[in-house]
Amino acid sequence: MIYWALPWNAGGQVAGVVRSAISGEEHNRVLRALQLDLLWGMLIAGGAGGVASFIAARRISRPVEQISAAAARVARGDLSVSMPGTYVAELASIGESVQEMAAQLEERGHTIGRQGYEQEAVLASMVEGVLAVDSEERVISLNRAAARLVGANAGDVAGRSLQEVIRNADLRRFASRALESSESIEDDLVLRGDSERVLQARGTALRDARGRSIGAVIVLHDMTHFRHLENIRRDFVANVSHELKTPIASIKGFVETLLEGGIENSHDAERFLRIVAKQADRLNSIIEDLLSLSKIEQSEEARNLSLEPGGIKELIDAAVYDCQSKAADRNISIRVECETGLMGNINARLLEQAVVNLLDNAIQYSEPGASVDISGSRSNGEVTVSVTDRGCGVAPDHLPRLFERFYRVDKARSRKLGGTGLGLSIVKHIVQAHGGRISVQSVLGKGSTFTIHLPA
């Protein structure tokens, strides 16, 4: 038996005892029943709790998986993702942060891309060549101007060795010096190929955000045209000095001879004075041609030459008339071929001077008894005036410099014929002031053809 007793208090004193008893077998039966009920209750509660936990976990884990997948897409570069909504405040905050991060990355990507396009456009449009190499002499970038100067393809040089891209040893050595130098360096380089180019190179170290040298950037300026102009200026100064010195020396010598007593001999004095007068005329011709050339160049630069419609046939006839007596003295015939009514937008006075200069040269350099042809025509949107002689011709290596001031193919013969060396240069600038060009074709021993091309 199992007993259970409890005192019963009344008025602060134990009035009695309540006792209950149950048999041990009955107690065990009830206990087993209670344990079984408790077990079932625990199983049911556990199952319900597991289902509830699974549902709750899925409701939490699904947004986490979605946020994780969206973050992975952002990491792969897909910035057009949208974060899923969730009732969990922490997850909602994480989703908003990832969404904001994606928006910022997209904006920065657009900014960097725009800057890259702008930088590429600036480099591509630069006249100067820009070459960047890293510390291992591998090409980082090469703009179009630099690629054109060194004869490379700008599209497939990034990452390649400088020795592969650039064949010029002087430029490679300059790049090595720029990498080794802590200061900017400059040098002039000559690139030889189909045509010789003179480059002014400036190299400086390429540094990262911390100031460490990571390579070098080289800027190339094409100085070929400026060096050519400098050579022309130097030649012009030397030539004009020589051209002026010759008649001045002659005048001075004969004047000194007259002052030392030569004037007493009337025959010699007259001969000396005629030579002095001839040399003075030569000086005057040179100065007049220089002044004329200067005025024409000013009109050419200012583009203010007065032009008006005029007949080409009438202009050619006037030039032939001016040269007719000189041609007759050398027994040279001038044949004219020009269509009637041919018109051009011209300055008649200057263009006639150009044609007279060409005719005068053709007459001077033709053998007596030969003929000179002058023609005018219109073709391919141009009005052309051509002067053809049958003289000694000009060698091909002289043709590019034929229109330079004081340039003479045969210096002795040119001076003997009395030319100033400025005639063809004046012709070139008159034609350029008209917006045209002049060309020459020549064969040694057969003659030359000078052609003025004017816009129709």
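We're numbering straight along the sequence, starting at 1. On a predicted model such as this, the values are computed, not experimentally measured, just so you know.
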Heavy atoms only: give me the nearest [X]-[Y] pair and the separation to one decimal.
X: His453; Y: Thr384; answer: ND1-CG2, 3.6 Å
X: Pro455; Y: Gly435; answer: CG-O, 3.5 Å
X: Leu189; Y: Ala201; answer: CD1-CB, 3.9 Å
X: Leu402; Y: Leu424; answer: O-CD1, 3.7 Å
X: Ala280; Y: Ile251; answer: N-CD1, 3.7 Å
X: Ala354; Y: Val427; answer: O-CG2, 3.5 Å

Side chain of [X], backbone of [Y]: donor and acceptor closer than 3.5 Å?
X: Asn380; Y: Glu382; value: no
X: Ser375; Y: Cys338; value: no
X: Ser181; Y: Arg177; value: no
X: His434; Y: Asn347; value: yes
X: Arg202; Y: Ile185; value: no
X: Arg330; Y: Ser366; value: yes
X: Ser448; Y: Ser442; value: no
X: Asn143; Y: Val130; value: yes

Going by the side-chain hydrogen bond (donor to acceptor under 3.5 Å, both in side chains) test, name the single residue among Arg172, Glu137, Arg138 that passes it with Gln163.
->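 Answer to the side-chain hydrogen bond (donor to acceptor under 3.5 Å, both in side chains) test with Gln163 among Arg172, Glu137, Arg138: Glu137.
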Verify the distance criterion only: is there a donor paired with an acceptor across the side chains of Gln353 and Asn357 at less than 3.5 Å?
-> no
Please lay out, stage by stage, how Asp170 and Arg173 fare under the test salt bridge (charged side-chain N to carboxylate O under 4.0 Å, His left out).
-> CA-CA 5 Å; Asp170 293 337; Arg173 282 193 290 268; 2.4 Å; yes
Taking side chain as C-beta onward, heavy atoms only, is Leu342 less than 4.5 Å from Val383?
->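 Yes; the side chains approach each other to less than 4.5 Å.
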Are any of the side-chain heavy atoms of Val387 and Asp373 separated by less than 4.5 Å?
-> no
